[in-house]
Participant: 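Sharing a structure, written as structure tokens. Questions coming.
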Amino acid sequence: MHLWTARTDDLNDGTIASRVAGILTADERDEARRFHRARDRHQFVVARALARLALSHHFPVPAGDWRFARDHNRKPFIAAPEISPPVRFSVSHTQGLVACLITLCAQAAVDVEKVEPSGDLPLVASQVLSPAEQGALSVLSGNDWTARFFDYWTLKEAYVKARGLGLGLTLSDVAFELASDDTIRVHFAAAINDDPSAWVFWRRRLPPQHTISVAAEKDFDGECELILRPVKFDGARIAPEA
Ligand SMILES: CC(C)(COP(=O)(O)OP(=O)(O)OC[C@H]1O[C@@H](n2cnc3c(N)ncnc32)[C@H](O)[C@@H]1OP(=O)(O)O)[C@@H](O)C(=O)NCCC(=O)NCCS
């Protein structure tokens, strides 16, 4: 499971986006134009470019030759070329960082968020966290509270994206237990109709300000390693981050 990340704060987002836009298909460039906010447009373009460049690192396919489509819930998938066994990708973007997970798992996804305090977060926490998660948060304060809130948030989003259901799940029905040794356990309410032992989760903090989580259904035998691949954009290419 390869997790590619690229920071987008050190360069102007629009600069990277204009350099890499040529890798995208005309359809993708049209899709990008539909975003009203420049930041959203740039994030879409840069995330797509990262997905293309990362996939081409793993497979002998030119970055511009990948064809993506979306399912009925708007989850993107590789439409061409056909790779055997099938490979999947998941992208996530937030201010300052884009991420792309490349995996052979049928259901897997990444979510990244910028960890920053906001007056809205306690209300959001009361809506999306389970009672046990709210209890675990209640003993924290300040930066610890904010960091833990985003641990839960990214784990929930990664699971929702892996299932490909968009808004179809009640987030408080998916509850995480984070042990001090970094072990992550999930509990599902009956409505989720899923088996916790079928899933594996990772959560990584990317200092100074990002948290990234991955959810994967264990449709493989044995252990699965998450390989982090931080890169930076160098024109229309990517290079390992120094
Ligand atoms: C689909 C969803 C999970 C995306 O999450 P996000 O944090 O807003 O954005 P991210 O950058 O992490 O991910 C966006 C990418 O997810 C992918 N995506 C879109 N729909 C998807 C779906 N149904 N399933 C999986 N992936 C999806 C796309 O690649 C999209 O990027 P693109 O449009 O640029 O190609 C989100 O919009 C959603 O529906 N959330 C519902 C759950 C919720 O309310 N969460 C609150 C916080 S806990």
Side-chain angles (χ1 to χ4, degrees), residues 3-6 8 13 17 20-21 23-25 27-52 54-55 66-79 88-103 105-116 118 120-130 133-134 137 146 148-176 186 192 201 203 206 210-217:
L3 180 55
W4 295 75
T5 60
T8 54
D13 282 5
V20 298
I23 306 170
L24 273 57
T25 60
D27 284 353
E28 285 172 325
R29 287 196 294 271
D30 279 348
E31 191 173 347
R33 278 185 213 106
R34 288 190 205 123
F35 288 97
H36 296 300
R37 289 198 307 176
R39 195 178 86 185
D40 296 339
R41 195 161 57 242
H42 297 152
Q43 285 186 346
F44 170 81
V45 169
V46 175
R48 275 298 164 103
L50 179 63
R52 289 177 170 281
L55 283 164
W66 296 98
R67 291 293 173 268
F68 304 135
R70 291 184 190 267
D71 71 10
H72 59 285
N73 281 320
R74 297 196 49 77
K75 181 175 183 170
F77 63 91
I78 297 172
R88 274 88 177 190
F89 76 104
S90 166
V91 301
S92 184
H93 29 63
T94 191
Q95 196 184 341
L97 196 79
V98 295
C100 175
L101 179 73
I102 296 184
T103 172
C105 287
Q107 300 207 88
V110 60
D111 188 64
V112 61
E113 297 291 342
K114 184 174 182 187
V115 176
E116 53 187 348
S118 150
D120 299 340
L121 295 186
L123 177 62
V124 178
S126 71
Q127 292 168 340
V128 303
L129 301 188
S130 72
E133 289 168 333
Q134 292 183 43
L137 257 192
T146 308
R148 180 48 54 97
F149 170 82
F150 280 104
D151 291 343
Y152 290 138
W153 176 294
T154 54
L155 285 163
K156 285 169 192 276
E157 284 274 5
Y159 174 76
V160 166
K161 290 173 73 176
R163 294 278 309 264
L165 298 174
L167 292 165
L169 294 181
T170 301
L171 291 166
S172 55
D173 283 349
V174 180
F176 289 92
V186 69
I192 298 295
F201 296 91
R203 187 240 35 212
L206 303 186
H210 290 98
T211 289
I212 192 161
S213 290
V214 168
E217 195 183 30

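Numbers for residues simply follow the sequence, beginning at 1. In each ligand, atom 1 is the first atom listed, and ligand 1 is the first ligand listed.
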Participant: Just by distance, do the side chain of Q43 and the backbone of T94 share a donor-acceptor pair under 3.5 Å?
Facilitator: yes

Participant: Among all the protein's heavy atoms, is there at least one whose distance to atom 39 (O) of ligand 1 comes out below 4.0 Å?
Facilitator: yes

Participant: Would a distance-only check, ignoring hydrogens and angles, find a side-chain to backbone donor-acceptor pair under 3.5 Å from K114 to Q95?
Facilitator: no

Participant: Among protein heavy atoms, which lies nearest atom 41 (C) of ligand 1, and at what distance?
Facilitator: L167 CD2, 3.3 Å

Participant: Judged by atom type as modelled, is there a donor-acceptor pair below 3.5 Å linking the side chain of K156 to the main-chain atoms of D173?
Facilitator: no

Participant: Using a 4.0 Å cut-off to any heavy atom of S92, which atoms of ligand 1 qualify?
Facilitator: 10 (P), 11 (O), 12 (O)

Participant: What part of P76, side chain, backbone, both or neither, has a heavy atom within less than 4.0 angstrom of ligand 1?
Facilitator: side chain

Participant: With heavy atoms of E113 as the reference, note each atom of ligand 1 found under 4.0 Å away.
Facilitator: 7 (O)

Participant: I78 vs L55, test: side-chain contact (heavy atoms from CB on, under 4.5 Å). Steps then yes/no.
Facilitator: CA-CA 10 Å; I78 297 172; L55 283 164; 3.9 Å; yes

Participant: Is there a heavy atom in A47 that sits closer than 4.0 Å to ligand 1?
Facilitator: no

Participant: Between T211 and D151 (side chain of the first, backbone of the second, donor and acceptor by atom type, cut-off under 3.5 Å), is there such a pair?
Facilitator: no

Participant: Using protein heavy atoms only, decide if any is under 4.0 Å from atom 9 (O) of ligand 1.
Facilitator: no

Participant: Does ligand 1 have an atom under 4.0 Å from some heavy atom of G164?
Facilitator: yes

Participant: Is it true that R74 and E31 have a side-chain N and a carboxylate O under 4.0 angstrom from each other?
Facilitator: yes

Participant: For R52 and L24, indicate whether the former's side chain and the latter's backbone hold a donor-acceptor pair under 3.5 Å.
Facilitator: no

Participant: Which residue from K75, Q107, E157, H72 reaches closest to atom 21 (C) of ligand 1 through any of its heavy atoms?
Facilitator: K75

Participant: From atom 13 (O) of ligand 1, is the closest protein heavy-atom distance below 4.0 Å?
Facilitator: yes

Participant: Specify the protein heavy atom at minimum distance from atom 23 (N) of ligand 1: its residue, its atom name, and the distance to 0.1 Å.
Facilitator: N73 O, 2.8 Å

Participant: Of all the non-hydrogen atoms in the protein, which one sits nearest to atom 7 (O) of ligand 1, and at what distance?
Facilitator: D111 OD1, 3.3 Å

Participant: Step by step, work out the side-chain contact (heavy atoms from CB on, under 4.5 Å) result for D111 and W153.
Facilitator: CA-CA 9 Å; D111 188 64; W153 176 294; 4.0 Å; yes

Participant: Which residue holds the protein heavy atom closest to atom 11 (O) of ligand 1, what is that atom called, and what is the gap in Å?
Facilitator: H93 N, 2.8 Å

Participant: Does N73 use its side chain to pair, donor to acceptor, with the backbone of G164 at less than 3.5 Å?
Facilitator: yes

Participant: Decide whether the shortest distance between a heavy atom of R163 and an atom of ligand 1 is less than 4.0 Å.
Facilitator: no

Participant: Which of these, R70, R74, R48, K161, has its nearest heavy atom closest to atom 32 (P) of ligand 1?
Facilitator: R70

Participant: Counting non-hydrogen protein atoms only, what is the nearest one to atom 15 (C) of ligand 1? Give residue, atom name and distance.
Facilitator: V91 O, 3.5 Å

Participant: Say whether, by atom type as modelled, one donor and one acceptor occur between the side chain of R41 and the main chain of F35 under 3.5 angstrom.
Facilitator: yes

Participant: Should Y159 and F176 be marked as a ring pair (Phe, Tyr, Trp, His ring centres under 6.0 Å) after you check the CA-CA gap, both sets of side-chain angles, and the distance that decides it?
Facilitator: CA-CA 11 Å; Y159 174 76; F176 289 92; 7.3 Å; no

Participant: Counting heavy atoms only, which of L171, I212, V98, V174 is nearest atom 48 (S) of ligand 1?
Facilitator: L171

